[in-house]
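Contents: one structure, followed by commentary.
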Amino acid sequence: VALGARSYDVLIGERLIAAAGAEIARRFPGAAAAIITDETVAAHHAGALETALGGHVACRGVIAMPAGERTKCFAELARLAEWLLEKGVERGDLVIALGGGVIGDLAGFAAAIVRRGVRMVQVPTTLLSQVDSSVGGKTGINTPQGKNLAGAFHQPSLVLADTGVLATLPDRETRAGYAEVAKYGLLGDAAFFDWLEQSHARILAKEPEALARAIEVSVGAKAAIVARDETEAGDRMLLNLGHTFGHALEAWAGFSSRLLHGEAVAIGMAEAFRYSERRSLCAAGTAARVERHLRAAGLPTCIAHIPGNSLPTVEELITLMGQDKKVQRGRLTFILARAIGEAFVTRDVDRQDLAAFMADEIKLPA
Ligand SMILES: NC(=O)c1ccc[n+]([C@@H]2O[C@H](COP(=O)([O-])OP(=O)(O)OC[C@H]3O[C@@H](n4cnc5c(N)ncnc54)[C@H](O)[C@@H]3O)[C@@H](O)[C@H]2O)c1
Ligand SMILES: [Zn+2]
């Protein structure tokens, strides 16, 4: 990820945790490390990381936070920051985040504020965190007002994406992470999308070569966008394809296991293409192709696919979209598409037109 003096490497491969001690000692001589993980990941993988550090990198401690989105809160951030200080973590040390996006975001924020900034290493353990959240430097927590509303930009110094750890990841989480992989094809790389149409079964079966290629292309796409626009003044917004619609659905479902983030993004991307097609921005049949692929990967593509009996109202969804961080002077930002692989950012969306579209979306049969 090319960011001048703050550039860093993302290593992708099968046995990177086993080699982490030597790799970290070589890159950051003399630094001690503190490992932050969650209870579920700790049970599977923390021992292997501790063993790998042994002899190469001094370990100041390991903390396992409760698993799940609720851990991304001020109370747990305070507990974590005080734990890091108590363990004597110094400016030159490393905070290692071993886990999914929840741990990466929380540990990254703690690392950003403790001693005004300690270096961090991301060891992402979900497909979502390997292709998305571990790269790019956005860290943060949720507040009662909404998701990711407090945080900091704090780039990691190294990312180790060990594809072997995905063996223990539940299938539903793998599919949800796959939605973000498909996103990179849909937003800017039609050839990658073609390849995904051929290869999704191999990726979801965690076949090492297919998985490594999917992660490499995804990270490459994200790295290029982040290098152009680190703080999301422009281009980086493309990464939010499917997220304006998706976040509203996630919030409506209460950020619960009823609808995982990646599942909401899958529905949101299908909606973005349906809306683009309705406005004649892209050719007829484009949205159907996107839906076919997402469904083949076992992902939902419309509101009716969300389990449970209740349906949102148009007003609820539009209000929730208004909470989006991308709102500027009251205008919503949308990522729409001219074709597969050709997404663009626009604020030119008429509220009434959007409301009519959402009303049709809510009526769409499963
Ligand atoms: N910073 C960013 O740029 C960015 C981008 C996208 C998403 N995010 C954030 O990421 C979070 C979602 O991340 P996530 O989907 O990785 O969720 P997560 O961290 O909650 O992980 C999902 C579940 O899988 C478990 N798990 C993780 N790795 C495992 C493994 N290898 N084996 C078995 N179980 C494992 C976890 O304990 C958890 O229960 C959200 O909070 C979202 O806001 C941040
Ligand atoms: Zn996302």
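Atoms within a ligand are numbered from 1 in the order they appear, just like the ligands themselves. The chain is numbered in sequence order, starting from 1.
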Practice problem: May I ask you to test the R279-D348 pair for a side-chain heavy-atom distance under 4.5 Å? | Solution: yes
Quiz item: Does ligand 1 have an atom that lies less than 4.0 angstrom from a heavy atom of E39?
Solution: no
Practice problem: Examine ligand 1 and decide if any of its atoms is less than 4.0 Å from a heavy atom belonging to H45. | Solution: yes
Practice problem: Please check if any side-chain donor atom of E180 sits under 3.5 Å from a side-chain acceptor atom of H261, or the reverse. | Solution: yes
Exercise. Could you check atom 40 (C) of ligand 1 against the protein and tell me its nearest heavy-atom contact, residue, atom and distance included?
Key: E69 OE1, 3.3 Å
Quiz item: Should we say atom CD of E39 is surrounded by more than 12 heavy atoms from elsewhere, each under 6.0 Å from it?
Solution: yes
Quiz prompt | Protein heavy atom at shortest distance from atom 35 (C) of ligand 1 | solution = L169 CD1, 3.7 Å
Quiz item: Which protein non-hydrogen atom lies closest to atom 21 (O) of ligand 1, naming both residue and atom, and how far is it?
Solution: T126 CG2, 3.6 Å
Quiz prompt | Any N/O pair V165/ligand 1 closer than 3.5 Å | solution = yes
Self-check item: atom 36 (C) of ligand 1: the protein heavy-atom neighbour that sits closest, reported with distance to 0.1 Å
Solution: D38 OD2, 3.4 Å
Quiz item: Looking only at side chains, do T168 and H45 share a donor and an acceptor under 3.5 Å apart?
Solution: yes
Quiz item: Is it the side chain, the backbone, both or neither of Q122 that has a heavy atom closer than 4.0 Å to ligand 1?
Solution: neither
Exercise. State the OG1-CG distance between T71 and D38, to the nearest 0.5 angstrom.
Key: 7.5 Å
Quiz item: What N/O/S atom of H243 gets nearest to the Zn ion (ligand 2)?
Solution: NE2
Quiz item: Less than 4.0 Å between a side-chain N and a carboxylate O, is that true for E277 and R289?
Solution: no
Exercise. Mind checking whether N142 contacts ligand 1 via backbone (N, CA, C, O), side chain (CB onward), both or neither, at a 4.0 Å heavy-atom cut-off?
Key: neither
Quiz prompt | Residue-ligand contact M65/ligand 1, heavy atom below 4.0 Å | solution = no
Quiz item: Would you say H261 touches ligand 1, if touching means a heavy atom closer than 4.0 Å?
Solution: no
Quiz item: Does NZ in K87 sit with more than 12 non-hydrogen atoms of other residues, nucleotides or ligands closer than 6.0 Å?
Solution: no
Self-check item: Heavy-atom check, side chain of V165 versus side chain of V123, under 4.5 Å
Solution: no
Self-check item: Connected-component partners of I63 among ILVMFWY, side-chain separation under 4.5 Å
Solution: I36, M65, F74, L77, L80, W83, L84, L85, V89, V95, I103, L106, F109, I113, V114, V118, M120, I141
Quiz prompt | Nearest-contact summary for atom 20 (O) of ligand 1 - protein heavy atom, Å | solution = V102 CG2, 3.3 Å
Quiz item: Does the ring center of H56 lie less than 6.0 Å from the ring center of F28?
Solution: no
Quiz item: Which is it for E180 and ligand 1 at heavy atoms under 4.0 Å: side chain, backbone, both or neither?
Solution: neither
Exercise. Report the relative orientation of the aromatic rings in F192 and W195; use parallel for angles under 30°, tilted for 30 to 60°, perpendicular for over 60°.
Key: parallel
Quiz item: Is N148 near ligand 1, meaning one of its heavy atoms is under 4.0 Å from it?
Solution: yes
Quiz prompt | Proximity of S133 to ligand 1 by residue part, where a heavy atom lies under 4.0 Å | solution = both
Self-check item: Part of T125 within contact of ligand 1 (heavy atoms, under 4.0 Å)
Solution: both
Exercise. Look at the rings of Y275 and F357 and say which category their plane angle falls in: under 30° parallel, 30 to 60° tilted, over 60° perpendicular.
Key: tilted
Practice problem: Using the six-membered ring wherever Trp is involved, compare the ring planes of F334 and F245 and label them parallel, tilted or perpendicular (cut-offs 30° and 60°). | Solution: tilted
Practice problem: Quick one: look up the protein heavy atom nearest atom 32 (N) of ligand 1 and list residue, atom name and how far away it is. | Solution: T168 OG1, 2.7 Å
Practice problem: For atom 42 (C) of ligand 1, find the nearest protein heavy atom and state the residue, atom name and distance (0.1 Å precision). | Solution: K147 NZ, 3.6 Å
Quiz item: Does CZ in R70 sit with more than 12 non-hydrogen atoms of other residues, nucleotides or ligands closer than 6.0 Å?
Solution: no
Practice problem: Give yes if a backbone or side-chain nitrogen or oxygen of D105 is under 3.5 Å from a nitrogen or oxygen of ligand 1, and no if not. | Solution: yes
Practice problem: Starting from atom 26 (N) of ligand 1, find the nearest protein heavy-atom neighbour and note its residue, name and distance. | Solution: V41 CG2, 3.8 Å
Quiz item: What do you reckon, does K138 have a nitrogen or oxygen under 3.5 Å from a nitrogen or oxygen of ligand 1?
Solution: yes
Quiz item: Does E180 bring an N, O or S atom to under 2.8 Å of the Zn ion (ligand 2)?
Solution: yes
Self-check item: E173 contact mode with ligand 1 (heavy-atom cut-off under 4.0 Å)
Solution: side chain
Quiz item: Within the side chain of K147, is there an N or O that forms a donor-acceptor pair under 3.5 Å with the backbone of E250?
Solution: no
Quiz item: Hey, looking at atom 14 (P) of ligand 1, which of G177, A42, G101, A67 has the closest heavy atom?
Solution: G101
Quiz item: If you count the atoms of ligand 1 from 1 in the order shown, which ones are under 4.0 Å from a heavy atom of K222?
Solution: 3 (O)
Self-check item: Nearest option to atom 12 (C) of ligand 1, as decided by whichever heavy atom of T40, T71, I141, L128 sits closest
Solution: L128
Practice problem: Look at the side chain of K222 and the backbone N and O of V135, then say whether any donor-acceptor pair between them is shorter than 3.5 Å. | Solution: yes
